[in-house]
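Count residues from 1 along the sequence. For the numbers below, each heavy atom of this structure counts, side chains included, while hydrogens, waters and symmetry mates do not.
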Amino acid sequence: MPKHSPSPLDPRSPLVLDTRDLPRRPGALRTVKRVVPAPADLGVELIGVPEGADLDLDLRLESVSEGVLVSGTVSGPIRGECSRCLRDIDDSVVVRIQELY
């Protein structure tokens, strides 16, 4: 399993969300709907999201006592190859996320 070392976040990256305007009282929320380009390393060797492909973010940022709860969906195209039959795969995926920061 590859080890990833954390790299500093680039505040200009489209996948970095600014929470400064989110009030710090529990229950405050903000929605984020945007389309961003996929980074180069989103996937594994056989299948992934092509670099630069459109990722649709439909997120909810909610202030909670422990931090900021981010939940919603991320959708986009996937391309790759079946490891068993070696057929091309060209599809789309919707991923539900929920993470506390």
Side-chain angles (χ1 to χ4, degrees):
M1 178 170 268
K3 292 184 180 180
H4 297 285
S5 59
S7 59
L9 293 178
D10 179 1
R12 296 168 300 187
S13 170
L15 291 174
V16 174
L17 303 175
D18 188 356
T19 61
R20 288 180 289 186
D21 63 345
L22 182 65
R24 296 296 184 237
R25 65 180 188 284
L29 66 93
R30 182 175 64 133
T31 58
V32 174
K33 292 184 185 216
R34 66 168 80 157
V35 177
V36 299
D41 58 351
L42 192 56
V44 293
E45 189 175 327
L46 287 176
I47 193 164
V49 177
E51 181 178 4
D54 286 345
L55 292 177
D56 292 310
L57 307 179
D58 188 2
L59 305 173
R60 176 182 163 137
L61 285 66
E62 184 175 0
S63 188
V64 295
S65 59
E66 296 85 8
V68 176
L69 180 66
V70 178
S71 56
T73 59
V74 178
S75 59
I78 55 172
R79 292 202 182 95
E81 182 177 74
C82 176
S83 64
R84 191 173 54 143
C85 68
L86 301 179
R87 250 190 269 167
D88 287 338
I89 297 171
D90 192 3
D91 205 353
S92 61
V93 66
V94 177
V95 178
R96 299 184 69 76
I97 62 167
Q98 187 170 48
E99 189 69 38
L100 178 64
Y101 295 94

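Of all heavy-atom pairs spanning L55 and G76, the tightest one is CD2-CA, 4.2 Å. Nearest heavy-atom pair across P39 and L15 is CD-CD1, 3.8 Å. The heavy-atom pair separating P37 from P14 by the smallest distance is CD-CG, 4.0 Å. In terms of heavy atoms, P77 sits closest to D54 at CD-O, 3.5 Å.
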Go through L69 and Q98 one step at a time and tell me if the side-chain contact (heavy atoms from CB on, under 4.5 Å) criterion holds. CA-CA 7 Å; L69 180 66; Q98 187 170 48; 3.8 Å; yes
Would you check, one step at a time, whether the test side-chain contact (heavy atoms from CB on, under 4.5 Å) holds for L61 with V32? CA-CA 8 Å; L61 285 66; V32 174; 3.7 Å; yes
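Between atom CD of residue E81 and atom CG of residue L46 there is a gap of 6.5 Å, rounded to the nearest 0.5 Å. Taking CD1 from I89 and OG from S83, the interatomic distance works out to 8.0 Å, rounded to the nearest 0.5 Å.
Counting heavy atoms from C-beta on, the side chains of T73 and I97 never come closer than 4.5 Å. Side chains of V64 and P26 form no contact here, defined as non-hydrogen atoms less than 4.5 Å apart.
Here salt bridge (Lys or Arg N to Asp or Glu O under 4.0 Å) pairs that include residues 85-101, with residues two or more places apart or in two chains, are R79-D90. Within the structure, the salt bridge (Lys or Arg N to Asp or Glu O under 4.0 Å) test picks out the following pairs touching residues 12-24 (sequence neighbours left out): D10-R12, D18-R20, D21-R30. Pairs of residues two or more places apart, or lying in two chains, that qualify as salt bridge (Lys or Arg N to Asp or Glu O under 4.0 Å) and include a residue from residues 32-48 are K33-D58.
Taking the side-chain contact (heavy atoms from CB on, under 4.5 Å) definition, one finds that R25 meets it with P23, A28, sequence neighbours left out. Under the side-chain contact (heavy atoms from CB on, under 4.5 Å) criterion, D56 pairs with V35, S75, sequence neighbours left out.
Residues L42 and L59 fall within the same hydrophobic cluster, defined by Ile, Leu, Val, Met, Phe, Trp and Tyr side chains chained together at heavy-atom separations under 4.5 Å. Under a hydrophobic-cluster definition in which Ile, Leu, Val, Met, Phe, Trp and Tyr are linked whenever side-chain heavy atoms come within less than 4.5 Å, directly or via other members, V44 and V95 are assigned to the same cluster. Tracing side-chain contacts under 4.5 Å through hydrophobic residues (I, L, V, M, F, W, Y), one never reaches L100 starting from L29; they form parts of separate clusters.
With a 4.5 Å cut-off between side-chain heavy atoms of Ile, Leu, Val, Met, Phe, Trp and Tyr, the cluster of V94 takes in none.
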